[in-house]
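Reckoned from all heavy atoms, side chains included, excluding hydrogens, waters and symmetry mates.
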Amino acid sequence: QVQLVESGGGSVQAGGSLRLTCTTSGLTYSHDPMTWFRQAPGKEREGVAGINRRTGITYYSDSAKGRFSISQDSPSTHYLYLQMDALEPEDTAIYYCAAARPSFGGTWSFSEGYDDWGQGTQVTVSS
């Protein structure tokens with residue numbers, strides 16, 4: 001059974017940084033990619049950054065490019081990280097890590113392709 005637990009959220013001022021961590025257990029190599037999603041109040045869940053666990057190739061939304069960086073400790077992905085710099089109030093949301101359904105072949109940011117989710121961690125950025 002896959003378990004994902006996010007940590008590292010909090011409140012920061014605009015321009016600040018946070019590092020989110022997703023601690024995993026139960027993953028198989030078929031759970032690929034892994035992605036950080038976020039959901040702000042009244043908005044749809046959106047993919048922020050994803051990583052192909054086997055190759056290390058990373059993917060970013062337009063809003064995350066140049067400011068956020070996704071990484072993993074190893075292809076086994078005991079830990080998934082999201083380094084967030086130059087944070088903006090628009091980044092305020094609950095952030096979730098997710099593992100793709102085995103054999104998922106769709107776009108990394110397509111949330112319907114992910115069956116396993118963490119409980120989320122709140123990120124609040126004040127101006």
Side-chain angles (χ1 to χ4, degrees):
Q1 184 178 358
V2 175
Q3 290 190 324
L4 307 174
V5 180
E6 302 95 337
S7 60
S11 297
V12 296
Q13 290 191 329
S17 298
L18 284 173
R19 188 191 198 204
L20 306 183
T21 299
C22 176
T23 303
T24 79
S25 62
L27 289 175
T28 71
Y29 284 103
S30 297
H31 293 95
D32 199 354
M34 288 197 70
T35 294
W36 286 97
F37 289 85
R38 69 184 182 187
Q39 188 164 21
K43 294 188 177 181
E44 292 187 358
R45 188 169 296 188
E46 64 169 337
V48 175
I51 186 167
N52 181 305
R53 295 173 58 210
R54 180 178 60 83
T55 66
I57 294 173
T58 56
Y59 314 94
Y60 295 96
S61 66
D62 288 343
S63 62
K65 283 178 186 175
R67 300 188 301 126
F68 294 3
S69 177
I70 186 172
S71 62
Q72 59 185 5
D73 60 317
S74 71
S76 298
T77 320
H78 296 297
Y79 300 100
L80 182 72
Y81 304 105
L82 184 66
Q83 177 67 41
M84 304 187 294
D85 298 319
L87 283 162
E88 304 168 350
E90 292 73 22
D91 297 315
T92 296
I94 299 175
Y95 284 71
Y96 302 89
C97 67
R101 179 179 311 127
S103 303
F104 171 64
T107 302
W108 67 274
S109 58
F110 189 61
S111 62
E112 284 76 7
Y114 293 77
D115 288 337
D116 296 294
W117 296 79
Q119 83 289 348
T121 186
Q122 177 71 47
V123 172
T124 303
V125 185
S126 59
S127 58

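A side-chain N or O of R53 and one of T77 form a donor-acceptor pair less than 3.5 Å apart. S61 and S63 share a side-chain donor-acceptor pair at under 3.5 Å.
Residues P75 and R54 form no side-chain contact, since every pair of their non-hydrogen atoms from C-beta on lies 4.5 Å or further apart. Between T24 and M34 there is a side-chain heavy-atom pair separated by less than 4.5 Å. A heavy-atom distance below 4.5 Å is found between the side chains of M84 and L20. Annotation: side chain of Y60 is in contact with side chain of S69 (closest heavy-atom distance under 4.5 Å). Looking at heavy atoms from C-beta onward, S109 lies out of side-chain contact with E46 at the 4.5 angstrom threshold. Within the 4.5 Å cutoff, side-chain heavy atoms of N52 are placed close to those of Y59.
Of the possible polar contacts, none joining the Q119 side chain to the V5 backbone as a donor-acceptor pair under 3.5 Å is found. Judged purely by atom type and a 3.5 angstrom limit, E6 uses its side chain to pair as donor or acceptor with the backbone of G120. In this structure a side-chain-to-backbone donor-acceptor pair under 3.5 Å is missing from Q1 to G26.
The cluster map of Ile, Leu, Val, Met, Phe, Trp and Tyr, joined by side-chain heavy atoms under 4.5 Å apart, puts L82 and L27 in the same cluster. Criterion: ILVMFWY side-chain heavy atoms under 4.5 Å apart, direct or through other members. Under it, Y95 and L80 are part of a common hydrophobic cluster. Residues I94 and L4 do not share a hydrophobic cluster, clusters being chains of Ile/Leu/Val/Met/Phe/Trp/Tyr side chains in contact below 4.5 Å. Linking ILVMFWY residues whenever their side-chain heavy atoms come closer than 4.5 Å, directly or via other members, leaves I51 and W108 in distinct clusters. By the rule that hydrophobic residues join a cluster once side-chain heavy atoms approach within less than 4.5 Å of another member, F68 and F37 end up as members of separate clusters.
Among pairs with a residue in residues 25-37, those fulfilling side chain to side chain donor-acceptor pair (under 3.5 Å) read T28-H31, Y29-S76, T35-Y114, at least two apart in sequence or across chains.
Atoms OH and CD, from Y81 and Q72 in turn, are 10.0 Å apart once rounded to the nearest 0.5 Å. In this structure, the separation between OG on S74 and OH on Y79 is 10.5 Å, given to the nearest 0.5 Å.
Taking both residues in full, the closest heavy atoms of S17 and A86 are given as OG-N, 4.4 Å, listed atom of the first, atom of the second, then distance. In terms of heavy-atom proximity, A14 sits nearest to P89 at CB-CD, 4.1 Å.
A 6.0 Å sphere centred on CD of E44 holds no more than 12 heavy atoms belonging to other residues, nucleotides or ligands. Crowding of Q13 atom CD: a count of heavy atoms from other residues, nucleotides or ligands under 6.0 Å not exceeding 12.
When the options D85, D91, D62 are evaluated for a salt bridge (charged side-chain N to carboxylate O under 4.0 Å, His left out) with R67, the one that passes is D91.
Residues meeting the side-chain contact (heavy atoms from CB on, under 4.5 Å) test with K43, sequence neighbours left out: A40.
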Stepwise side-chain contact (heavy atoms from CB on, under 4.5 Å) test for T92 and Q122:
CA-CA 8 Å; T92 296; Q122 177 71 47; 4.0 Å; yes
